[in-house]
Visitor: 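What follows is a single structure, and I will ask about it in a moment.
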Amino acid sequence: QAPLVESGGGLVRAGGSLRLSCAASGSFFSTYCIGWFRQTPGKEREFVAAINWSGGSTYNFDSVKGRFTISRDNAKKTVDLQMNDLEPEDSAVYSCAVSAFISRRSTDYSNWGQGTQVTVSS
């Protein structure tokens, strides 16, 4: 199974929005949960959001609830993370990965992508 590919990162001012996308090339995509994590230098990966195989169940980290929304399109094999009202503390490398179940633990995920940098200026 090929790793996932993230896109959509960039530089934005506080209060702005970005939409990240996670794309897969394998036929396995629609049967797995997808999770978004973020990481800053010197820190462990932090769970952001996850979505189950059908898109009917989502789970967000407390600090992003009401600001970030995860969604998926199995026909396009993509999972998007819409990020609104961004804060400087949201700056990180954002990565996506697959899991057999929704989890906030990075060790439950595999097929990590390279990540996409999000920088929020104050």
Side-chain angles (χ1 to χ4, degrees):
Q1 298 175 354
L4 305 178
V5 178
E6 304 91 343
S7 62
L11 174 64
V12 65
R13 290 186 176 182
S17 298
L18 281 174
R19 188 175 183 90
L20 306 184
S21 187
C22 170
S25 58
S27 59
F28 66 92
F29 181 81
S30 63
T31 65
Y32 280 85
C33 299
I34 302 294
W36 278 100
F37 289 76
R38 64 189 182 187
Q39 189 172 25
T40 54
K43 293 188 177 180
E44 293 185 355
R45 274 183 178 137
E46 177 183 70
F47 173 75
V48 176
I51 190 166
N52 74 333
W53 68 272
S54 68
S57 218
T58 63
Y59 182 60
N60 289 357
F61 186 50
D62 287 345
S63 68
V64 305
K65 281 182 179 177
R67 300 189 298 122
F68 292 9
T69 302
I70 188 171
S71 61
R72 72 188 296 161
D73 185 333
N74 286 338
K76 295 181 179 178
K77 297 182 182 179
T78 58
V79 170
D80 289 350
L81 184 68
Q82 177 66 42
M83 306 187 297
N84 298 327
D85 194 21
L86 283 161
E87 304 168 353
E89 294 74 22
D90 295 317
S91 297
V93 174
Y94 283 71
S95 301
C96 59
V98 301
S99 175
F101 51 91
I102 285 187
S103 171
R104 61 186 300 163
R105 299 186 306 180
S106 61
T107 52
D108 290 329
Y109 290 81
S110 62
N111 295 78
W112 293 91
Q114 293 285 347
T116 185
Q117 177 70 50
V118 171
T119 303
V120 184
S121 63
S122 57

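As the structure is a prediction and not an experimental result, all values here were calculated from the model. Heavy-atom basis, side chains included; hydrogens, waters and symmetry copies ignored.
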Visitor: Starting from Phe47, can I reach Ile51 by hopping between I/L/V/M/F/W/Y residues whose side chains sit under 4.5 Å apart?
Guide: yes
Visitor: Is it true that Val64 and Val12 fall in one hydrophobic cluster, defined by side-chain heavy atoms closer than 4.5 Å?
Guide: yes
Visitor: Please state whether the rings of Tyr94 and Phe68 are parallel, tilted or perpendicular, taking 30° and 60° as the class boundaries.
Guide: tilted
Visitor: State the OG-CD distance between Ser63 and Glu87, to the nearest 0.5 angstrom.
Guide: 8.0 Å
Visitor: Going by the side-chain contact (heavy atoms from CB on, under 4.5 Å) test, name the single residue among Asn52, Asp108, Asn111, Thr107 that passes it with Ser99.
Guide: Asp108
Visitor: Please enumerate all residues that pass side-chain hydrogen bond (donor to acceptor under 3.5 Å, both in side chains) together with Ser71, with sequence neighbours excluded.
Guide: none
Visitor: Same cluster or not: are Leu81 and Phe61 linked, directly or through other Ile, Leu, Val, Met, Phe, Trp or Tyr residues, by side-chain heavy atoms under 4.5 angstrom apart?
Guide: yes
Visitor: If I compare all heavy atoms of Ile102 with all of Ala50, which pair ends up nearest, and what's the gap?
Guide: CG2-CB, 4.1 Å
Visitor: What pair of heavy atoms forms the shortest contact from Ala14 to Ser122, and how long is it?
Guide: CB-CA, 4.3 Å
Visitor: Applying side-chain hydrogen bond (donor to acceptor under 3.5 Å, both in side chains), name anything that partners Asn74, two or more places apart in sequence or on another chain.
Guide: Arg72
Visitor: Shared ILVMFWY cluster between Val93 and Val48, side chains joined below 4.5 angstrom?
Guide: no
Visitor: Kindly check if the number of other-residue, nucleotide or ligand heavy atoms within 6.0 Å of CH2 (Trp53) is above 12?
Guide: no
Visitor: Going by the side chain to side chain donor-acceptor pair (under 3.5 Å) test, name the single residue among Thr116, Asp73, Asp80 that passes it with Ser21.
Guide: Asp80
Visitor: Verify whether one side chain among Asn84 and Gln82 offers a donor that lies under 3.5 Å from an acceptor in the other.
Guide: yes
Visitor: Please check if the side chain of Thr40 supplies one atom and the backbone of Ala92 the other of a donor-acceptor pair under 3.5 Å.
Guide: no
Visitor: Which atom names give the shortest non-hydrogen contact between Gly113 and Ser95, and what distance separates them?
Guide: O-OG, 4.2 Å
Visitor: What closest approach, in Å, do Asp90 and Val118 show between heavy atoms, and which atom pair accounts for it?
Guide: O-CG1, 4.3 Å
Visitor: Taking all heavy atoms of Arg67 and all of Asp85, pick out the closest pair and write down the distance.
Guide: NH1-O, 3.0 Å
Visitor: Check whether Trp36 and Tyr59 end up in the same hydrophobic cluster, where Ile, Leu, Val, Met, Phe, Trp and Tyr are linked by side-chain heavy atoms less than 4.5 Å apart.
Guide: yes
Visitor: With rounding to the nearest 0.5 angstrom, report the CZ to CZ distance, Arg38 to Arg45.
Guide: 14.0 Å
Visitor: Which residue pairs pass the disulfide (SG to SG under 2.5 Å) test when at least one of the two sits in residues 7-68, sequence neighbours left out?
Guide: Cys22-Cys96
Visitor: Take a 6.0 Å sphere around CZ of Arg105 and say whether it holds more than 12 heavy atoms from other residues, nucleotides or ligands.
Guide: no
Visitor: How close do Ile34 and Ile70 get, heavy atom to heavy atom, and via which atoms?
Guide: O-CD1, 4.0 Å
Visitor: Check whether Tyr109 reaches the backbone of Ser103 with its side chain - one donor and one acceptor, N or O, closer than 3.5 Å.
Guide: yes
